[in-house]
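Let me give you the structure first, and then I'll get to my questions.
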Amino acid sequence: MKMEEKVVEELKNILGNLGEVWIQREKRVYAKVPKNLVLPLLAFLKDKGFHQLTAITCVDWLKKGKFELIYNLFSLNYEGVHVFIKTELERDKETMPSAIEIFPMAFDYEREIHEMFGIVFEGHPRLDNFILEDWDGPPPMRKDFDTAKYVEEKYGVKDYAEELWRRREQPYREEKDE
Amino acid sequence: MGLFKISQGRSLWMVHFCTGCGAVEMPPTMTSRFDMERFGVAPMATPRQADVLLITGYLTVKTLKRVIMVYEQMPTPKYVIGFGSCTVNGGIYWDSYNVIKNLELYIPVDLYIFGCMPRPESIIDAFLKLRKMIEEGKANKWKDYIERYDWYKQNQAKLFDVNKWRVQK
Amino acid sequence: MKILLLLGYWILVIIMGLLYMGIARKVTARIQNRYGPPFYQAFLDVLKLFSKRETASHGVMHSLGPVIAFAGISTTLLFLPLGKGAPVLHFQGDLFVFLYLIVIGPLGMALGAGESNNPNATIGIARALSLMLGYEIILFMATLPVFVHFKTASIYEVILNQGAFPNWAGIKFPLSMLGGLIALQGLLGEKPFDQPIAPHEIASGPTVEYGGKYLGLLQLWHAVAIIVETGLFIDVFFGPQNILWFFLGTFIVFMLSVVINAVMPRFRIEQAIRFYWGVPLLLVVLGILQYYLWR
């Protein structure tokens, strides 16, 4: 039996009816669980040997009104099989418990997701500006963030072609009489 | 005096501050193939010893604060060369929420080098043009920073808090 | 009249030092398979530096640092004979005064760099003063057998007492000459012993807050220091020379250290001091033993 099917067997044994497990392609196993089962599942998989949390990603489903968090786990003992754990959160209403006690490396990922999407992680000691210093707008990676409007308001630039015309017509510095 | 201007043009010391992705073109220009030192240009470790600031590439708001700190530490007369398309109008980041579009509003720029990235021959050509501008007396934008200081600070204040130079940890 | 001669002597040494620095950059470039700057580049650098205005000040002591360094090395010039010609001041025991006055350079820099609030400057000065633990001992012990052999403690008389070619001290005491050559590499601040400057590690060390006119003074200090230090080596070990042969000798010694500078990396500071207390110390101790065995 291949390694992915062994992992799927173990996950199905522990989850039963509470979540779906499927193989997406070679060496990629997905598991979709409700929000309160994520941390116990992470602890279980860490005991099994998945010692590295490679990334936490977030996808913004605007029409459904949900945020989807994906945890990516990797291990050297399982011949390169990645396990992805997916959950869904309500947009702007639900908060997520932090995974720092199980995987301390989740500190930076959760800080970045808070800055870019606005999800609050309970139990995280430091959720402030990470990459964008002096940021005063809405979280920029959401699908309803209008980049062009923000750029025009902050930097005064509307469009590339229009900007060139504007600069050609007005000199940027008044000519002084010497 | 003429002799001072000639020597300023022939011994430009640049700050070794590699800003964005354009910094990858600096090592080929400095090393043996396209030698930059034969024109007198040498990289210096600190801004207090340098004349030329090369802004190589895009500038986010976070980097702009540091660049202005470096620019204000250089002794006058000082020159700024904008390197690459991102300093002209934002380049490929023209609609990004964090990249500044018009560098002229924040620090005065003497010379632009076009390209994404410019070749080392273009960079050397720019240094020779800067040398000619210095000898004719046209590279005077540093005086503009002193005269219109309030205007520049007003533009910078739209992006970050100008009075708090404390850098975030 | 004498003042004009003194001024001429000073300006001659400054010009030769700057010329040597320019040629050193050219030689380094040719070793690295490229053309270098023109040989008069150091003059252009110094002229450019003296036409700049500084933007900030760190207090009086910070500004006085380069002045003290330059004054120290210029005073050392009074004791340096150029080959056969008599120096301005010479008396018994002026070797010790000479070796003391060379130290005023880094000491002035230490006073000035301590006033700037930059930790890079403090690290650079700590390295400079601890490197002195290495090369000063070797330098002094390398010159010791020569002075005891000629029974004098004055540099001028040591030169006069040596004769023509086969009677040079360098040929009679070759081990001491080798030790002195290694000590000279640290005195000049060339790789592998340029820990004080170290541009990539500590942002050029004690000169990190100096720009404009102060840096111009420091370049002049380095130019005079080159002539003074290589001049001492040539005077002690190579006998009385014409002034032209004297400058040729300093040029050859300086180019030797530049060639070693172009190909070697930099030691760590503890490796450098440990190296100085290893093989060079052995060489100069054997040189002193050789004097006692041949007496």
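Worth saying up front: this structure is predicted, and the values here are computed from it rather than measured. Quick note on labels: first sequence line is chain A, next is B, and so on, each numbered from 1.
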(request) Spell out, as yes or no, whether a donor-acceptor pair under 3.5 Å connects the side chain of C:S51 to the backbone of C:K48. (result) yes

(request) Kindly say whether B:Y152 contributes a backbone atom to a donor-acceptor pair with the side chain of B:Y145 at under 3.5 angstrom? (result) no

(message) Whether B:D110 and B:K138 form a salt bridge (side-chain N of Lys/Arg under 4.0 Å from carboxylate O of Asp/Glu) is what I want to check.
(response) no

(message) Please output the residues of residues 42-49 of chain B in contact with chain C, using a heavy-atom cutoff of under 4.5 Å, in numerical order.
(response) B:A42, B:A45, B:T46, B:R48, B:Q49

(message) Looking at B:Q156 and B:Y106, would you say the former's side chain and the latter's main chain have a donor-acceptor pair under 3.5 Å?
(response) yes

(request) For the pair B:R66 (side chain) and B:K62 (backbone), establish whether a donor and an acceptor sit closer than 3.5 Å, ignoring hydrogens and angles. (result) yes

(request) Pick whichever of B:T76, B:V41, B:T31 has the most heavy-atom pairs under 4.5 Å with chain C. (result) B:T76

(message) I'd like to know if C:D194 and C:K191 make a salt bridge, using a cut-off of under 4.0 Å between side-chain N and carboxylate O.
(response) yes

(message) Show, in sequence, the C-alpha distance, side-chain angles and deciding distance for B:L12 and B:I134, and conclude whether the side chain to side chain contact (heavy atoms under 4.5 Å, CB included) test is met.
(response) CA-CA 11 Å; B:L12 292 167; B:I134 293 173; 4.0 Å; yes

(request) With a 4.5 angstrom heavy-atom cut-off, could you sort out which part of C:L215 is near chain B: side chain, backbone, both or neither? (result) side chain

(request) Tell me, for C:Q41 versus chain B, whether the close heavy atoms (under 4.5 Å) come from the side chain, the backbone, both or neither. (result) side chain

(request) Indicate whether the side chain of C:Y20 and that of C:T230 have a donor and an acceptor atom separated by less than 3.5 Å. (result) no

(request) With a 4.5 Å cut-off on heavy-atom pairs, point out which of C:G212, C:G36, C:G211 contacts chain B the most. (result) C:G36

(request) Give the member of B:K78, B:E37, B:R38, B:M74 that has the highest number of heavy-atom pairs under 4.5 Å with chain C. (result) B:E37

(message) Could you check whether any side-chain heavy atom of C:R25 comes within less than 4.5 Å of a side-chain heavy atom of C:D45, counting everything from C-beta outward?
(response) yes

(request) With a 4.5 angstrom heavy-atom cut-off, could you sort out which part of B:M36 is near chain C: side chain, backbone, both or neither? (result) neither

(request) Counting only heavy atoms closer than 4.5 Å, note whether C:F43 contacts chain B via side chain, backbone, both or neither. (result) neither

(request) Pick whichever of C:Q32, C:E209, C:K26, C:K52 has the most heavy-atom pairs under 4.5 Å with chain B. (result) C:K52

(message) Is it true that B:E104 and B:Y112 share a donor-acceptor pair across their side chains at a distance under 3.5 Å?
(response) yes

